[in-house]
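Please read the structure below before turning to the comments.
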Number of protein chains: 2
Amino acid sequence: MAKTRQLTPEVVIETAARLANELRDASRITLTDLAAELNIRVPSLYNHVKGLDGLRRDLTVWGLQQLLAATRQAVLGQVGRDALLAVAHAYRAFAHAQPGVYSLVLKAPPPEDAQLTALSNELLLILQLVLASYNLQGEAALHAIRGFRSVLHGFVSLETGGAFELLLDRDESFNRLVEIYLDGLSKN
Amino acid sequence: MAKTRQLTPEVVIETAARLANELRDASRITLTDLAAELNIRVPSLYNHVKGLDGLRRDLTVWGLQQLLAATRQAVLGQVGRDALLAVAHAYRAFAHAQPGVYSLVLKAPPPEDAQLTALSNELLLILQLVLASYNLQGEAALHAIRGFRSVLHGFVSLETGGAFELLLDRDESFNRLVEIYLDGLSKN
DNA sequence: GTATATAATCTAATTATATTAGTTATTGGC
DNA sequence: GCCAATAACTAATATAATTAGATTATATAC
């Protein structure tokens, strides 16, 4: 049928993810670096990804799938506040483990990309279900999702961006923030 | 002494800010575009800014000064919860008015850049003073600053990034989030 | 007034990166 | 063995940033 691939899609994407995480920002990957890492010439990359934009898009899908899996795992068998706390910690752990990939995942998916949009919606659906078990439904739940995402994204993006430099325990800061928000949610 | 500048530093930086805001992301400005906008050749830009990195840095200083002025203005004559609410709304208004510049301002300043670090610290100092009037001091105030910044940055960065697409009032979402956080802060 | 130093701008060349076009070579199915 | 498919290649082009060095206009010293 064809010349056997030496590179599988998995190797390409995982190598790109590693580079992105080392740079701590996916917008800094270059095809030049990726090709060098894979021991092929730059134009050969076009057999695997649709240019730089395609690579970023593939990385985003890959990252969203990981975040989704981690979130599902975290809420397994939990409801209410415990489930929300578990989501919060899984989210932060993901951003710490994969800072470069994280920088892609939080961006809003382009509406014309069905796969990305679907993954993004699945995450929202999980949050919606968990909030339902926290007695939040309808518009209140939607406002709560926006708030919860803001809290999580705001903290981890400032944190991984190096904004919290003081010698003050970051876990403690995060826990206080999440607890204040969840307490406030339950008191409405 | 010298050939009179046709371009003042203000014109250069304000044109760059306008381009950055139109692109909604400062990382997408190019020297090519800026030079075209100013009717000079690209290399001539080097008389005004230290390359692309220098331009971004100058834009960051300019943006921080504006945010600082808006924040000072917002807290004028206010204390406690009112002052914190005013800061929140000024912060969000700034991000809406200057989305491109905002994307630069929230990044942690490189420690070796004294001017940037000073501006950044001034903002933190304002927050610290306002929180003191909210009965928060010492470590509690530092955790609260981290939380408050997370809340503000998280919401406006998701919002300006297009993450909140539903037909659900964003002002309402923001107000609920900020109020929940401020309520929680006062109950400790 | 004129000369000169200064700096703003320019052209030309270099470097880095992404992308496209077109070729080569390998391999699995027939 | 032949053929179709495709991964990988070389070569060329495009875009952007940057550096080197020449040119020019003008503010000030005299």
Side-chain angles (χ1 to χ4, degrees), chain A residues 1-62 100-101 103-104 107 110 112-113, chain B residues 1-62 100-101 103-104 107 110 112-113:
Chain A
M1 219 169 86
K3 180 169 182 176
T4 50
R5 294 181 183 238
Q6 317 212 341
L7 292 175
T8 64
E10 286 73 29
V11 171
V12 175
I13 206 75
E14 280 164 20
T15 305
R18 185 166 52 72
L19 289 178
N21 290 330
E22 282 167 9
L23 295 167
R24 303 185 68 79
D25 181 351
S27 68
R28 281 193 283 193
I29 335 173
T30 64
L31 295 184
T32 304
D33 287 347
L34 178 57
E37 201 71 18
L38 295 170
N39 289 306
I40 60 176
R41 307 291 124 152
V42 176
S44 310
L45 275 177
Y46 284 75
N47 290 307
H48 303 280
V49 296
K50 290 187 183 154
L52 190 55
D53 286 345
L55 173 65
R56 294 208 181 107
R57 188 262 175 196
D58 293 349
L59 257 186
T60 310
V61 169
W62 184 83
V101 175
S103 69
L104 288 173
K107 297 198 176 153
E112 71 274 15
D113 189 324
Chain B
M1 222 173 81
K3 179 171 183 176
T4 50
R5 294 184 183 234
Q6 317 212 340
L7 293 174
T8 63
E10 286 73 29
V11 171
V12 174
I13 206 75
E14 279 165 20
T15 304
R18 185 167 51 72
L19 289 178
N21 290 331
E22 282 168 9
L23 295 168
R24 304 188 66 77
D25 181 351
S27 69
R28 283 194 282 194
I29 336 172
T30 64
L31 294 184
T32 303
D33 287 348
L34 179 57
E37 203 70 19
L38 295 169
N39 290 307
I40 60 176
R41 305 292 124 155
V42 176
S44 310
L45 275 177
Y46 284 75
N47 290 305
H48 303 279
V49 296
K50 290 187 183 152
L52 190 55
D53 286 345
L55 173 65
R56 294 208 182 108
R57 188 262 174 197
D58 292 349
L59 258 186
T60 309
V61 169
W62 184 83
V101 175
S103 69
L104 288 172
K107 297 200 175 154
E112 70 274 15
D113 188 326

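Each chain gets a letter, A, B and so on, in the order the sequences are listed, and its residues count up from 1.
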Can you find a pair of side-chain heavy atoms, one from B:T60 and one from B:K107, that are under 4.5 Å apart? no

Side chain to side chain contact (heavy atoms under 4.5 Å, CB included) against [X], all qualifying residues, sequence neighbours excluded:
{"X": "A:V49", "result": "A:V12, A:L55, A:D58"}
{"X": "B:D33", "result": "B:L19, B:T30"}
{"X": "B:A35", "result": "B:I40, B:V42, B:L45"}

For nucleotides 13-15 of chain D, which of its nitrogen or oxygen atoms have a protein nitrogen or oxygen under 3.5 Å away, and what is each distance?
none

Pairwise salt bridge (Lys or Arg N to Asp or Glu O under 4.0 Å) hits with a residue in residues 38-50 of chain A, at least two apart: none

Test: salt bridge (Lys or Arg N to Asp or Glu O under 4.0 Å). Region: residues 15-30 of chain B. Which pairs qualify, not counting sequence neighbours? B:R18-B:E22, B:R18-B:E37

Here the gap from B:T15 atom OG1 to B:L38 atom CG, rounded to the nearest 0.5 Å, amounts to 4.5 Å

Separation of A:S44 OG from A:L31 CG (nearest 0.5 Å): 11.5 Å

Partners of B:E14 by salt bridge (charged side-chain N to carboxylate O under 4.0 Å, His left out), sequence neighbours excluded? none

Strand-adjacent residues in residues 21-34 of chain B, judged by heavy atoms under 4.0 Å from DNA chain D: B:T30, B:L31, B:T32

Are B:Y46 and D:dT18 close enough that a side-chain N or O sits under 4.0 Å from OP1 or OP2? yes

OP1 or OP2 of D:dT6 versus the side-chain N and O atoms of A:H48: is any pair under 4.0 Å? no

Round to a whole Å and report the spacing from CG of A:N47 to P of C:dT20. 13 Å

Provide, to the nearest angstrom, the distance between the NZ atom belonging to A:K50 and the C1' atom belonging to C:dT20. 16 Å

Kindly write out the residues that satisfy side-chain hydrogen bond (donor to acceptor under 3.5 Å, both in side chains) with A:R56, not counting sequence neighbours, or none if the list is empty. none

Considering only heavy atoms, which members of residues 36-45 of chain B lie under 4.0 Å from some atom of DNA chain C? B:I40, B:R41, B:P43, B:S44

